[in-house]
Amino acid sequence: MDTHAALNVLGWWQDAGVDMLVDEAPRNWLAEPRVPAVASVEAAHQPPAPATPDTMPAFRAWLEESDVLPDGSHKGRRIFPSGDVSSPLMIMVDMPEQGDADAGTLLSDDSGRLFDRMLAAIGRDRETIWLASLTLERPISGGIDAQRVEAIGAFAKHHVALVHPRRLLLMGQAASRAVLGLDLVAARGRLHVVNHGGVNMEVVATFAPRFLLRNPQRKADSWRDLRLLIEGME
C-alpha cells in the first residue's frame, strides 16, 4: 500500500471515530469494568471530605481550629484575615511574607508599608478593609504549588462569597490565577464579575506590593488599577 492509500485509510478510521490505538487482544467493551478488591477496600474506608462552613463565624472558627485546611496550612502556623469583615472592600494577597508569622499579621514588612501608602491613596486603611491571603501559612518553597491552585482558588472564592464585599482587589499573579483563572497581565485593566455560590463579586487585579518594591516603574500602572477599583465606590 502506498503512502497516499495509507493516509486515505487512516482518514476513514478517524472519520469513523477511531482516534487512538488499542491492543490486539480481543476485549468485551460492553462488560462492567473490574475494580481491584484493594481499591474497593480503600474507597470504603476513605473519610468524607469535611464540608466548608457556610457562615462567616463558623468559617472563622474553622480557620482557627482545623488541623489542615485546603490551602495546605497547618494549625498553629496561620496568619488570619483582619480588618472590618463588613467593609465593601476586600483585598487578597497570595501568601504571608517571611516575617509575618513573627509579627502575627499580614504585610508586616517593607511591602506592608508600601501597602499602607497604597490604601491611604484611596482613602482607606487596614481598619476599613478586609485583608486576607490565599494561603494562611507561607509555603516553605516561597511559592504556591501549581497542583494546589484549583483547591486554593475554590477555598478563596468561598471565603469571598461569605464576606460578600462590593469589590475585591487581587494582588499578585498567584491571586489572579487562583480566583480569576487568568495571568495578571491578562487580568489587569478591567473590572471582572465573578459568580461563586450565587454571589457576584466585582474584581480588580493588580501587582503585589513585593513586586512593586522590586519594580517601582510599575507603580503608575498599579495606581491606575487602584483608581479602577474605587471608581463608583465613593
Next item on the list: Answer yes if Val85 and Val199 sit in the same cluster of Ile, Leu, Val, Met, Phe, Trp and Tyr residues linked by side chain heavy atoms under 4.5 Å apart, and no otherwise.
Entry: no

Checklist line | Working for side chain to side chain contact (heavy atoms under 4.5 Å, CB included), residues Arg177 and Leu184 | finding: CA-CA 7 Å; Arg177 284 178 174 172; Leu184 184 59; over 6 Å; no

Next item on the list: Can you run down the side-chain hydrogen bond (donor to acceptor under 3.5 Å, both in side chains) pairs that involve residues 89-99, sequence neighbours left out, and say none if there aren't any?
Entry: Asp94-Arg210, Glu97-Arg210

Checklist line | side chain to side chain donor-acceptor pair (under 3.5 Å) partners for His159, two or more places apart | finding: Trp130

Notebook entry, point to check: How long is the gap from CG on Leu162 to NZ on Lys157, to the nearest 0.5 Å?
Noted result: 14.0 Å

Next item on the list: Look at the rings of Phe59 and Trp62 and say which category their plane angle falls in: under 30° parallel, 30 to 60° tilted, over 60° perpendicular.
Entry: tilted

Notebook entry, point to check: So do the side chains of Arg126 and Leu107 get within less than 4.5 Å of each other, counting heavy atoms only?
Noted result: yes

Check: Between Leu169 and Met92, is any pair of side-chain heavy atoms under 4.5 Å apart?
Finding: no

Next item on the list: Mind checking side chain to side chain contact (heavy atoms under 4.5 Å, CB included) for Ser133 and listing every partner two or more places apart, or none if nothing turns up?
Entry: Val93, Pro96, Leu106

Item checked: Closest non-hydrogen atom pair between Asp67 and Arg78, with its separation -> O-NH2, 3.1 Å

Margin query: Run the side chain to side chain contact (heavy atoms under 4.5 Å, CB included) test on Met95 and Ile144 for me, step by step, so that the C-alpha distance in whole Å, both residues' side-chain angles and the decisive distance to 0.1 Å come before the verdict.
Written below: CA-CA 8 Å; Met95 68 186 76; Ile144 293 177; 3.9 Å; yes

Checklist line | Short side-chain donor-acceptor distance under 3.5 Å, Ser108 and Asp100 | finding: yes

Check: If you count the non-hydrogen atoms of other residues, nucleotides and ligands that lie under 6.0 Å from CD in Gln217, is the total more than 12?
Finding: yes

Notebook entry, point to check: Could you go step by step and tell me if Met90 and Arg166 meet the side chain to side chain contact (heavy atoms under 4.5 Å, CB included) rule?
Noted result: CA-CA 8 Å; Met90 179 174 179; Arg166 183 174 174 186; over 6 Å; no

Margin query: Within the 4.5 Å heavy-atom criterion, are Arg60 and Phe80 side-chain neighbours or not?
Written below: yes

Margin query: Checking salt bridge (charged side-chain N to carboxylate O under 4.0 Å, His left out) between Asp225 and each of Arg167, Arg188, Arg190, which is the one that passes?
Written below: Arg188

Next item on the list: Scan side-chain atoms only and decide if Asp71 and Thr135 contain a donor-acceptor pair under the 3.5 Å cut-off.
Entry: no

Next item on the list: Would you sort out whether Arg224 and Leu228 count as a side chain to side chain contact (heavy atoms under 4.5 Å, CB included), showing the intermediate values?
Entry: CA-CA 6 Å; Arg224 283 191 284 270; Leu228 174 62; over 6 Å; no

Check: Would you call Leu131 and Ile91 a side-chain contact if the rule is heavy atoms closer than 4.5 Å?
Finding: yes

